[in-house]
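Working notes for the structure below.
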Amino acid sequence: MVNISYFYDAKVTEAIIYEMCEEIVQYESDEFTHNEDNNNMQKMSCPYEYLTDHRIEELLTWEKAYEAAERALERFATGEAHQSERLKVPVGPNFLFTMCGYLKDEEYGGLVSLLFTQFISNKKLEPPLPVVHSDITLMDEKTGVTKVIVPGRELVNWVLPSVSVMATRHLHGKTGEVLAIIGAGNQGRLHAIALHKFFNFSEVRVWNRTASKAEDLVKQLNKAMTSSVFVTANFVEECVNNADVIVTATKASQTLVKYSWIKKGAHINAIGVSVVTTELDDETYRSSTTYTDNKEAAEIELKPIVKLGVKFKEVGDVIVGKIQAPKKSDTTIFQSSGTAIQYCAFARLISDLHKGKQ
Ligand SMILES: NC(=O)C1=CN([C@@H]2O[C@H](COP(=O)(O)OP(=O)(O)OC[C@H]3O[C@@H](n4cnc5c(N)ncnc54)[C@H](O)[C@@H]3O)[C@@H](O)[C@H]2O)C=CC1
Ligand SMILES: O=C(O)C1=NCCCC1
């Protein structure tokens with residue numbers, strides 16, 4: 001019997017389940033033992049490579065990353081991608097998190113498993129270790145054989161900003177002049193770079209809790225891009241005032257942005273994750289339309305937002321025209337969850353680029 005309970009994705013059609021059952025029955029009745037299978041496996045040389053952070057940086061560009069991000073969500077919206085339930089295994093105050101997926105696509109398809117650990121206790125080690133570790137395994141969709149393993153910490157640097165660019169493009173469209181970045185950490189910096197590359201803002205304001213960090217980032221970005229568009233803001237209110245696009249990317253466990261400060265019709269990419277609160281105040285959620293890349297995951301994981309009665313919409317549904325794009329006057333929020341199939345599309349892209357196929 002096929003246990004399909006692990007598919008929580010309602011988009012799995014009966015036809016696919018039927019096809020799977022047929023194939024499994026066929027496999028079970030084949031004159032083929034698991035011992036033979038194991039013997040054959042032992043003869044296989046290691047089929048995969050581990051690609052380093054450095055190799056990924058050499059291969060990827062924001063344009064290529066954008067295409068992968070968009071294709072993954074298009075396929076998800078048309079039912080050609082499936083994802084398992086996301087599982088969090090507690091290890092004392094730490095955890096192991098897993099998600100798996102299947103993306104059906106000639107260019108970006110594959111099977112993926114993402115393992116991600118967060119060990120807060122690593123901070124206290126002598127010497128300390130990074131808190132987050134993750135590896136992403138890409139398997140061939142025709143054979144199930146592992147093709148490549150890539151480090152999650154590097155991939156997330158491309159996936160998250162690309163998905164935000166995509167959400168900004170589809171939910172907000174050609175944008176006005178001002179981008180506001182709240183939080184000058186890793187994701188704040190990458191969002192500033194990627195969004196400015198695609199939308200060419202005339203001003204990019206950066207606010208950070210420790211002002212010197214925002215100042216350093218602004219100097220660094222102006223220098224790297226030989227520009228003067230990057231500027232610091234002293235207060236969150238000043239940063240978001242009249243901004244067309246806003247990014248919140250902090251580790252704050254208190255609200256930072258108030259609805260009364262935001263321009264009507266602005267688009268917000270909300271990146272920071274906290275189990276207790278949100279970076280945007282309740283009124284912002286109540287008065288805006290909130291989109292995500294994965295509704296089911298958002299409904300389970302984003303409890304503080306669900307409690308407000310927010311009904312999530314999927315950005316993929318806008319891309320494929322299943323639902324209408326928001327009006328120019330609508331204030332929109334993109335609440336990024338990060339999905340297995342996005343990581344699949346990126347891992348496949350990197351694997352093909354590495355082998356000189358793209
Ligand atoms: N959805 C996803 O897949 C991912 C989400 N994230 C989330 O994005 C956020 C930013 O992550 P990174 O840029 O990697 O972290 P980071 O450590 O590089 O930067 C965090 C920033 O938050 C600021 N911050 C910390 N506490 C604050 C407070 N109480 N008030 C105001 N600012 C505060 C710090 O000054 C720092 O600039 C985090 O919440 C993280 O959990 C990060 C990676 C993946
Ligand atoms: O490094 C992180 O943070 C990651 N978050 C989500 C999955 C991959 C890595």
Side-chain angles (χ1 to χ4, degrees), residues 53 56 69 83 86-88 94-101 112-120 122-123 128-138 149-164 167 180-194 206-218 220 232-237 239-240 247-257 268-280 292-294 297-298 300-302 304-305 333-344 346-347 350:
D53 296 13
I56 296 173
Q83 310 195 79
R86 296 143 71 101
L87 286 180
K88 195 171 180 182
N94 309 309
F95 65 79
L96 162 69
F97 183 83
T98 71
M99 51 183 174
C100 299
V112 75
S113 88
L114 185 149
L115 291 176
F116 161 51
T117 56
Q118 181 176 300
F119 272 59
I120 296 287
N122 284 358
K123 278 189 197 168
L129 279 175
V131 168
V132 172
H133 288 267
S134 67
D135 277 317
I136 290 151
T137 306
L138 175 74
I149 299 187
V150 289
R153 70 175 171 271
E154 179 59 23
L155 220 47
V156 75
N157 288 345
W158 294 91
V159 172
L160 236 57
S162 306
V163 173
S164 293
I181 303 278
I182 308 296
N186 188 44
Q187 285 297 332
R189 177 178 62 84
L190 293 163
H191 275 75
I193 296 169
V206 182
W207 174 88
N208 197 72
R209 184 178 52 168
T210 313
S212 60
K213 199 166 165 184
E215 283 157 19
D216 291 347
L217 179 61
V218 159
Q220 187 202 103
T232 53
N234 294 321
F235 303 99
V236 175
E237 181 173 0
C239 192
V240 299
V247 173
T248 54
T250 73
K251 288 185 171 159
S253 45
Q254 82 275 18
T255 296
L256 295 172
V257 178
I268 307 160
N269 294 299
I271 308 300
V273 179
S274 158
V275 283
V276 285
T277 185
T278 55
E279 293 161 305
L280 312 173
T292 175
D293 40 6
N294 183 344
I300 295 167
E301 291 167 19
L302 302 176
I305 305 174
I333 302 170
F334 176 61
Q335 198 73 45
S336 185
S337 285
T339 62
I341 52 158
Q342 287 159 10
Y343 286 95
C344 180
F346 276 68
I350 291 159

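All ligand and atom numbering here is 1-based and tracks the order in the structure.
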Judged by heavy atoms only, the candidate from E301, R153, Q335, Q187 nearest atom 42 (C) of ligand 1 is Q187
Taken to the nearest 0.5 Å, the spacing of L302 CG from T292 OG1 works out to 6.5 Å
With heavy atoms and a 4.0 Å threshold, my read on which part of N208 contacts ligand 1 is side chain
Worksheet item: Do R189 and Q220 come within less than 4.5 Å of each other through their side chains, counting heavy atoms only?
Response: yes
Atom 3 (O) of ligand 1: closest protein heavy atom, distance to 0.1 Å, is L160 CD1, 3.7 Å
Any heavy atom of A184 under 4.0 Å from ligand 1? The part involved is backbone
Check whether N94 reaches the backbone of I120 with its side chain - one donor and one acceptor, N or O, closer than 3.5 Å.
yes
Counting from 1 in the order shown, the ligand 1 atoms closer than 4.0 Å to a non-hydrogen atom of S336 are 1 (N)
Are S134 and ligand 2 in contact, using a heavy-atom cut-off of under 4.0 Å?
yes
Side chains of S337 and R86: does their closest heavy-atom pair fall under 4.5 Å? yes
OG1 (T255) and CD (E279) are apart, to the nearest 0.5 Å, by 9.0 Å
Logged contact type for R209 with ligand 1, heavy-atom cut-off 4.0 Å, is side chain
One finds that the ligand 1 atoms under 4.0 Å from a non-hydrogen atom of V156 are 44 (C)
For atom 15 (O) of ligand 1, the closest protein heavy atom turns out to be K251 CE, 3.5 Å
Between the CG atom in L115 and the OG1 atom in T98, the distance rounded to the nearest 0.5 Å is 6.5 Å
Evaluate W207 for polar contact with ligand 1, using N/O atom pairs at a separation under 3.5 Å.
no
Those residues at least two apart in sequence (or on a different chain) that pass ring pair (Phe, Tyr, Trp, His ring centres under 6.0 Å) with W158 are W62
Counting heavy atoms under 4.0 Å, the part of N186 that contacts ligand 1 is both
**Asked** Would one find an N or O of G185, backbone or side chain, under 3.5 Å from an N or O of ligand 1?
**Response** yes
Requested in this report: For the pair N122 (side chain) and P128 (backbone), establish whether a donor and an acceptor sit closer than 3.5 Å, ignoring hydrogens and angles.
Outcome: no
Near Q254 (heavy-atom distance under 4.0 Å), the atoms of ligand 1 are 29 (N), 30 (N)
shortest atom 40 (C) of ligand 1-to-protein heavy-atom contact is with V273 N, 4.4 Å
Under 4.0 Å from one or more heavy atoms of G152, ligand 2 contributes atoms 9 (C)
Among non-hydrogen protein atoms, atom 30 (N) of ligand 1 lies closest to A252 CB, 3.5 Å
Distance col, row K251:NZ vs R209:CZ, nearest 0.5 angstrom, shows 10.5 Å
Ligand 2 atoms nearer than 4.0 angstrom to some heavy atom of V132 are 1 (O), 2 (C)
min-distance protein heavy atom vs atom 10 (C) of ligand 1 -> A249 O, 3.6 Å
Criterion side-chain contact (heavy atoms from CB on, under 4.5 Å) on L138 and V150, from CA distance to verdict
CA-CA 8 Å; L138 175 74; V150 289; over 6 Å; no
- Query: With no hydrogens and no angle check, is any side-chain donor or acceptor of S336 less than 3.5 Å from a backbone partner on I271?
  - Reply: no
Look only at the side chain of N208 and the backbone of K213, and say whether a donor-acceptor pair between them is shorter than 3.5 Å. no
In this structure, atom 6 (C) of ligand 2 is nearest to the protein heavy atom Y343 OH, 3.8 Å
So the atoms of ligand 1 within less than 4.0 Å of a heavy atom of G272 turn out to be 8 (O), 9 (C), 39 (O)
Based purely on interatomic distance, does S253 place a nitrogen or oxygen under 3.5 Å from a nitrogen or oxygen of ligand 1? no
Ranked by distance from atom 38 (C) of ligand 1, the top protein heavy atom is T250 O, 3.5 Å
Taken to the nearest 0.5 Å, the spacing of T117 OG1 from F95 CZ works out to 8.5 Å
Within-cut-off N or O pair, K213 and ligand 1, under 3.5 Å
yes
CG (L129) and CZ (F119) are apart, to the nearest 0.5 Å, by 11.0 Å
Closest to atom 7 (C) of ligand 1 among protein heavy atoms sits I271 O, 3.6 Å
